[in-house]
Protein chains: 2
Amino acid sequence: MDKLLDILKKRHISVTEGRKKILELFLKSPGALAHADIERSTSANFDRVTVYRTLQTFVEKGIIHNIPTADNAILYALCKDNCEAGHHHDNHVHFICDNCDSTICLEKVAVPEVKLPKGFTKKQTDVVVSGICIECK
Amino acid sequence: MDKLLDILKKRHISVTEGRKKILELFLKSPGALAHADIERSTSANFDRVTVYRTLQTFVEKGIIHNIPTADNAILYALCKDNCEAGHHHDNHVHFICDNCDSTICLEKVAVPEVKLPKGFTKKQTDVVVSGICIECK
DNA sequence: ATAGTTTTTGCAACATTATTGCACTTTTTA
DNA sequence: TAAAAAGTGCAATAATGTTGCAAAAACTAT
Ligand SMILES: [Mn+2]
Ligand SMILES: [Mn+2]
Ligand SMILES: [Zn+2]
Ligand SMILES: [Zn+2]
């Protein structure tokens, strides 16, 4: 119950109904959520614009991170790696199931080292694996 | 000159002005192209819808592949790994420059092996590295 | 608890991006 | 060169994302 408040207060952002509701969604969800998912689950209570702004705030404050996808859907997932405002460090692999279409943070699977050609400087590495998930197996 | 025809004919698709023009763009471009880039360079000659349909066809036929991005822009790049219709195998790392915003296929950098937890089946691995590119260095 | 201050929200308007059906044109096949 | 197949443009429509501003809610200090 208080977990919600904890997360929001730790980031020094106001506690509002919308933020609590959306954060709760993430806490309950096993995988990543698309913007459309969130909008669908909350449209009765909140305006579309609020959802956009809330997700943006959450990313900025290190509460959620987004996951690259080849189609143009932005996916969001809870940060579990003590991310801070303005600086994420979710160094794990993401998995997208071709069957059930769910996206999962594989917290246990670290992002491998990638050796770049001379002259390139690496800041961040994103790894997205697709295939069949453990549920669909 | 005939390279264009080669690529199209090898995939058994009709050779049209639009396809030649867009394919030429890819052949000339050093990095990946966003849909918007392509539209900008061709809008005088072709309808937006044609661009959408052409890119879709090219992906399906293994002429170009798309690159996952965290913002929701779809990027496309030429396949150089003998991809076939319905089955891509561009096993290289992609690099996005935080400075000049260009995206580059690092053909020489192979995608590293990722060990998944028991129960997951891997089909494809996408690796996107961001940082500063060799031009901006 | 209350008043003042700050932050967030909803609404409306607008902009951008993407999809579909259908008539017409171009390309391919025979 | 004619018939068939494939591709294109246009218009309509849908989906997605952004902005400014006034009202509402949350926070702060008394
Ligand atoms: Mn994650
Ligand atoms: Mn590539
Ligand atoms: Zn699955
Ligand atoms: Zn650069």
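What you see is a predicted model, and the numbers here were worked out from it, not measured in a lab. Throughout, protein chains are lettered first and strands after them, A, B, ... in sequence-line order, and every chain is numbered starting at 1.
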Exercise. Just how far, in rounded Å, is P of C:dT17 from CD of B:Gln56?
Worked result: 18 Å
Problem set entry | Contact nearer the 5' end of DNA chain D, comparing B:Val49 with B:His12 | B:His12
Exercise. Whole-Å distance between D:dA14 C1' and B:Tyr52 OH?
Worked result: 12 Å
Problem set entry | Distance, rounded to the nearest Å, where B:Glu60 contributes CD and D:dA6 contributes C1' | 14 Å
Exercise. Does A:Thr16 place a side-chain N or O at less than 4.0 Å from the phosphate oxygens OP1/OP2 of C:dT9?
Worked result: yes
Exercise. Should A:Phe120 and B:Leu106 be marked as a side chain to side chain contact (heavy atoms under 4.5 Å, CB included) after you check the CA-CA gap, both sets of side-chain angles, and the distance that decides it?
Worked result: CA-CA 11 Å; A:Phe120 288 86; B:Leu106 299 177; 4.0 Å; yes
Exercise. Taking OP1 and OP2 of D:dG7, is either one under 4.0 Å from a side-chain nitrogen or oxygen of B:Arg19?
Worked result: yes
Problem set entry | Lys/Arg N to Asp/Glu carboxylate O, A:Glu24 vs A:Lys21, below 4.0 Å | no
Exercise. Among C:dT9, C:dT28, C:dA18, which nucleotide sits nearest the side chain of B:His35?
Worked result: C:dA18
For this session: Decide yes or no on salt bridge (Lys or Arg N to Asp or Glu O under 4.0 Å) for A:Asp6 and A:Lys3, but give the supporting numbers first.
Result: CA-CA 5 Å; A:Asp6 257 26; A:Lys3 196 171 184 185; over 6 Å; no
Exercise. So, is A:Ser14 near the phosphate of C:dT7, with a side-chain N or O under 4.0 Å from OP1 or OP2?
Worked result: no
Problem set entry | Residue mapping more 5' on DNA chain C - nearest nucleotide basis, B:Arg48 or A:Arg48 | A:Arg48
Exercise. To the nearest Å, how far apart are A:Leu75 CG and D:dT16 P?
Worked result: 13 Å
Exercise. In whole angstroms, how far is the C1' atom of C:dT9 from the NZ atom of A:Lys20?
Worked result: 15 Å
Seminar exercise, completed: Assert: residue with more 5' nearest nucleotide on DNA chain C, out of A:Ile13 and B:Ile74, is A:Ile13
For this session: Could you walk me through whether A:Phe58 and A:Arg11 pass side chain to side chain contact (heavy atoms under 4.5 Å, CB included), step by step?
Result: CA-CA 9 Å; A:Phe58 281 7; A:Arg11 268 75 174 200; over 6 Å; no
Exercise. Could you state the CD-C1' distance from A:Glu39 to D:dA14, rounded to the nearest angstrom?
Worked result: 13 Å
Exercise. OH of B:Tyr76 versus P of C:dT17: gap in Å, rounded?
Worked result: 13 Å
For this session: Mind calculating the distance between CG (A:Leu8) and P (C:dT7) to the nearest angstrom?
Result: 16 Å
For this session: Using a 4.0 Å heavy-atom cut-off across all strands, classify B:Arg53 as base, sugar-phosphate, or nothing.
Result: base
Exercise. Between A:Cys133 and A:Asn99, is any pair of side-chain heavy atoms under 4.5 Å apart?
Worked result: no
